[in-house]
Structures are given as structure tokens and as C-alpha cells.
A.B. asks: 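Can you keep this structure in mind? I'll have questions shortly.
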Amino acid sequence: MNLKELYQEIILEHGKNPRNLGKTDDFNKDAKGNNPLCGDNVHVYLKLNGQKIVEDISFEGSGCAISMASASIMTDLIKGKNENEAKEIVEDFLGMIKENPELKSEYLQDDEKTKLMCLSGVKQYPMRVKCATLSWHTLVSALENKKEEVKTEN
Amino acid sequence: MKIENIKKEFPIFDEKIQNNDLVYLDSANSSQKPKVVADRINEFYTKQFSNVGRSVHYLAVAATNLYENTRSSVQKYINAKDKNEIVFTKGATEALNLVANILGQNYLKEGDEILITELEHHSNYVPWHFLRKSKNIKINFAEMNEDGEVTLEEIEKKITPKTKVVAITHLSNVTGAILPVKEITDLAHSKGILVVIDGCQGAPHLKLDMQYLDCDFYAISCHKMYGPTGLGVLYGKKKWLEELPPYQGGGGMIKEVKKDSISYGELPNKYEAGTMATAQVIAFDESIKFMESIGIENIMRHEADLVEYGQELLQKNNSVKLIGSPKNKGGVLSFTLEGIHPHDIATILDEDGIAIRAGHHCCQILHDKLNIPASARASVGIYNTKDDLDKLNDSINNCKKIFNLK
């Protein structure tokens with residue numbers, strides 16, 4: 001995938017009209033993330049029910065197209081999953097962005113995998129990987145009730 | 001040396017960067033190095049190396065002489081009155097930390113005020129912030145106007161009877177505004193206020209004359225002057241460097257060390273504790289010679305032409321919004337593109353072989369004021385040409401195409 005394809009797919013799909021942008025009513029978990037390199041900010045809100053299923057998820061934030069599109073795609077496909085499924089999907093995504101050639105999680109449908117693979121193009125731009133992973137780290141932080149803001153230093 | 005041929009002196013431009021010819025527009029961040037500077041580092045390490053100022057053997061004496069030669073060259077280049085007014089540091093950041101530290105130790109008192117500007121790089125703000133914590137010093141900000149300038153009038157307005165130090169940039173690394181540093185210095189001195197100038201962007205691009213300027217301290221970043229990294233220069237008036245206490249303690253900066261007393265060395269050793277960046281200092285002499293061989297007037301003319309050309313080009317480009325339009329502008333073109341984050345711009349430009357900076361350029365106060373998280377910045381050096389700026393503009397158009405902007 002070249003750069004233009006990376007940007008076009010992301011922008012067409014999510015960059016200009018991010019899904020789940022806003023603040024979930026009655027959220028019961030949330031966390032903030034910050035990527036000092038780009039100045040990307042994201043605040044993820046979750047509403048987990050008694051069975052620990054993500055009933056609703058949303059985000060607020062600002063930043064580059066990659067970070068916003070990534071947050072948008074993430075919230076789209078985490079909705080309806082339970083906590084453990086969500087964590088596995090995050091791990092799968094981070095593994096793919098880092099080194100794995102493909103996504104492995106059985107909790108992801110094929111069309112969901114295709115959507116996520118749009119972001120695999122950032123592998124070629126190591127400085128921008130943080131942009132793609134920010135909202136995902138923030139989601140984990142929210143699930144684990146961490147108080148500190150996520151910083152993408154790694 | 002003719003400015004048209006200057007690119008040839010920089011070996012990096014013979015390299016293909018990801019299959020592209022390099023268009024380097026990030027000199028405000030750090031400049032590329034001419035061959036003479038890189039060669040000098042190699043030569044020193046392979047043929048002449050020794051530590052300086054310690055041993056009496058041949059190599060040590062020769063290295064010490066070379067090291068001190070650079071000090072003399074810097075003195076002449078910036079027209080300082082005395083060689084001992086030149087202190088080598090590990091960078092301009094350390095130079096500014098040094099000044100804030102020694103003034104904090106033995107000059108400033110609780111309740112005193114320091115005046116900086118909204119244009120300042122974090123390295124001319126954070127070191128003063130430390131004194132807020134440790135000495136209860138107050139920091140005031142002179143405001144940037146709509147053109148991205150800080151005027152003499154604004155400085156005058158913000159000076160209070162408690163102001164003890166004015167610390168300002170010579171040339172903004174975001175808006176490119178060249179501040180009226182001479183007028184500001186005269187004004188401050190008339191009120192008994194010290195003047196510290198962050199010359200990171202000034203020194204590579206403007207004519208320097210410390211005796212005319214008369215500021216108390218001036219910080220220089222050598223890697224922005226076609227020189228090595230890990231090296232800065234602090235110019236300080238002899239009177240202050242003699243009166244004020246040392247910054248760091250260690251070898252080289254002492255006169256006599258006893259169990260119950262320590263006396264400090266004379267200038268400039270007093271401020272150069274430990275083994276210094278010897279090879280970098282020696283190679284920096286080549287940077288100065290290199291700039292002198294072109295002539296600062298020629299450099300200034302060339303870069304002013306480039307900025308004017310680049311400004312016109314980008315002003316004509318729809319959707320490009322230039323940050324700041326100062327009357328007196330250095331070689332910096334910061335901009336935003338509506339609807340495209342600066343980091344997306346920088347990544348797309350990089351694909352075309354164009355190196356720019358995106359981010360807040362260590363100036364968060366300034367970006368907050370403009371209500372933007374970041375900007376894209378193209379900055380020029382002596383090796384740039386109008387062709388580089390044309391390529392920049394073409395690549396910006398490519399960005400717009402990708403993002404479906406008109």
C-alpha cells in the first residue's frame with residue numbers, strides 16, 4: 001500500500017466523518033490519551049453493562065487524520081464486544097501495527113479485519129505509528145480504570 | 001565562495017533520500033553540514049586527538065591550542081570584546097539554563113520579575129520557570145501581535161519596576177519575526193534591566209556584533225550554524241561572568257580544592273566543567289570559516305530573496321495560511337492547510353523528498369495563542385534555492401489533491 005492509498009482509504013472512510021465522535025451518555029469508564037509528537041488528544045468514553053459488554057463507546061479529540069480515523073474505526077468495531085474480546089482485539093491490532101503481517105483475532109469479522117488493515121500502511125512511517133495506536137492504548141487504560149493520561153512514548 | 005555553488009559543499013545533497021533528491025527545508029531545526037566540518041571531526045579523532053587543558057604532552061597542548069583557536073574565532077565572528085566572554089556549552093539550551101541558573105543563584109531575589117515573550121522557544125521559558133518554583137520569581141509575557149511580532153512598545157508596556165531580566169528571542173522560529181533587539185537592549189539598560197537573547201535562529205542568519213548590541217548574554221546553537229551537534233556558545237559580558245557564581249562543578253573549573261574550601265578557576269574555565277565537546281569545538285572553527293568565506297551579507301541577501309519568493313508563492317496558494325507576516329522576517333515559513341493536520345502534511349511532503357518540520361516547534365505558548373495545536377514549517381538555509389520552494393509548493397498541491405481540497 002502506498003501513501004496515497006493509505007490516506008485516501010482512511011479519509012474516505014473515517015477521517016472526514018469520524019464515527020462515534022462525542023461523549024457517551026452515562027459512560028462508566030473513560031481515559032485520556034495524548035501524543036506529544038503531533039499534539040493528538042483523545043478522550044475515550046465507555047459504557048459497560050453488568051455482563052461487561054461494551055454497550056456504547058465514543059471519543060472526543062483532535063489530531064491528525066491517522067489518529068482520528070484510527071479512533072473512529074476502533075470505536076466502530078469495539079461496540080458490542082465484551083471486555084476480554086475488546087482487549088484481545090486491541091492486542092491483535094497493536095501486534096499488526098508493530099510486526100504481524102495480519103490480524104488473527106477470532107472476534108473480528110473479515111470485513112472488520114479489512115477495515116483495520118487500512119491502517120497497516122502506517123508501518124512504513126515509524127514516526128506515525130503512535131498516531132494510529134493512541135486511541136487503542138487509551139481504550140485499554142479506560143478498561144483498566146487507570147487514572148493517568150496515556151502518553152505514546154513507546 | 002559563490003552562493004550558487006554552495007549546495008556542492010554539502011555531501012548529503014549527493015545522496016538519494018528514499019529515491020528522491022533531498023529538498024531540505026528544516027534548517028531552523030538543524031542545518032546540514034558542509035564537508036569541511038565533517039572532515040575536520042574525522043581528522044581530529046584520527047590524527048590529533050587528545051583531551052584539552054589537562055596534560056602537558058604534545059597532543060594535549062596542540063589540541064588545547066586548536067580548542068582555544070575556535071574561541072578566538074567565535075569572539076571575532078560575534079565581535080565580543082574579550083575572548084573570555086565566550087563559553088562553550090553543550091547547546092544553546094544549556095547556555096540559557098546556565099544564565100537562568102547563575103542569575104537565580106546570586107542576582108535575582110524573591111518577587112523579582114522576568115519578562116519574556118509569547119514567541120519564546122521552550123528553552124527560553126522553562127529555565128526561567130524553574131526560578132518561579134525555587135525563588136518565587138514572576139514571569140511576564142510580552143504579547144505577539146497579529147503579524148507575529150513583538151514590538152519595542154509592547155516590551156516597554158510590560159516592563160514593571162520589578163523587572164530584572166528581559167529574555168527574548170532574536171528571531172522567532174515560528175513566525176520568523178526579527179525582534180528589535182538593539183532597541184530593546186537600550187531600553188532595558190536605561191532601566192537597569194539585564195538582557196538575555198536567545199540567538200538560536202539569529203546567529204545562523206544575521207550579522208552579529210556583541211559590542212554594538214550590548215546585550216548581557218547571547219546564546220548560540222552551533223548545529224544550526226552548519227556546525228556539529230552537542231555544542232552551543234554562551235556569550236556573556238565579562239563583568240557578569242566574573243561576578244556570578246559557577247554553574248556546574250567538576251574538573252577544569254576549579255583553582256584549588258581543599259577539604260574545607262574550594263576556589264574556582266578564572267574565565268572561561270570557570271564555566272566549562274568536565275571534558276568538553278572537544279572535537280565539536282575544533283570542527284566549529286570550520287563552520288565559522290565556511291560562513292565567513294560566503295559572507296554574512298551574502299547569506300542574508302540570499303535568504304531574504306528565498307523568503308520573499310516563498311512567501312509570495314504560498315500566499316498565492318489557496319488553502320495555505322501563513323503564520324505571521326512580520327515586516328522584518330527571517331527564513332521561516334510556517335503555515336497551516338485548512339482541514340489537514342500538519343503531521344499529515346509533513347508525511348506526504350516526505351514522500352516527495354521534502355523535509356519540513358511539523359508540530360509546535362517547541363513553542364506551545366505561541367500555538368495556544370493562535371488556537372492551533374501545531375503548524376507545518378519550512379525553513380531555509382544557505383543551500384536552498386527557489387527551485388526547492390517550487391517543489392514545496394507542488395508537494396503542498398499534492399497534499400490538497402489527496403485530501404480533496406481545492
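Predicted, not measured: the structure shown is a model, and the values here were computed from it. The chains referred to below are lettered A, B, ... by the order of the sequence lines, with proteins before strands, and numbering in each begins at 1. Just so it is clear, the values below take in all heavy atoms, side chains as well, and ignore hydrogens, waters and symmetry mates.
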A.B. asks: Using a 6.0 Å cut-off, check whether atom NZ of A:Lys79 has over 12 heavy atoms from anything other than its own residue.
C.D. replies: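 Yes - once you tally the heavy atoms of other residues, nucleotides and ligands closer than 6.0 Å, there are more than 12.
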A.B. asks: Tell me if the NZ atom of B:Lys369 is crowded by more than 12 foreign heavy atoms within 6.0 Å.
C.D. replies: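 Counting neighbours around NZ of B:Lys369, more than 12 heavy atoms of other residues, nucleotides or ligands fall under 6.0 Å, so yes.
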A.B. asks: If you count every heavy atom of other residues, nucleotides or ligands that lies below 6.0 Å from A:Asp111 atom CG, does the total exceed 12?
C.D. replies: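 More than 12 heavy atoms, drawn from other residues, nucleotides or ligands, come within 6.0 Å of this atom.
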A.B. asks: More than 12 heavy atoms of other residues, nucleotides or ligands under 6.0 Å from CD of B:Gln315: is that the case?
C.D. replies: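 Counting neighbours around CD of B:Gln315, more than 12 heavy atoms of other residues, nucleotides or ligands fall under 6.0 Å, so yes.
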A.B. asks: At a heavy-atom separation under 4.5 Å, does B:His360 approach chain A through its side chain, its backbone, both, or neither?
C.D. replies: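 Only the side chain of B:His360 comes within 4.5 Å of chain A.
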A.B. asks: Can you tell me how far NE2 of B:His343 sits from OG of A:Ser67, rounded to the nearest 0.5 angstrom?
C.D. replies: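 It comes to 10.5 Å.
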A.B. asks: I'd like to know whether NZ of A:Lys32 has more than 12 heavy-atom contacts from other residues, nucleotides or ligands below 6.0 angstrom.
C.D. replies: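 Count not over threshold, so no.
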A.B. asks: Can you say whether A:Asp40 sits under 4.5 Å from chain B via the side chain, the backbone, both, or neither, judging by heavy atoms?
C.D. replies: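 Interface part for A:Asp40: side chain.
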A.B. asks: Which atoms form the tightest heavy-atom contact between A:Ala65 and B:Asp344, and what is the distance?
C.D. replies: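 Taking every non-hydrogen atom into account, N-OD2, 2.6 Å.
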A.B. asks: Which answer fits B:Ile345, side chain, backbone, both or neither, if we ask what part of it has an atom under 4.5 Å from a heavy atom of chain A?
C.D. replies: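 Contact with chain A is absent: no heavy atom of B:Ile345 under 4.5 Å.
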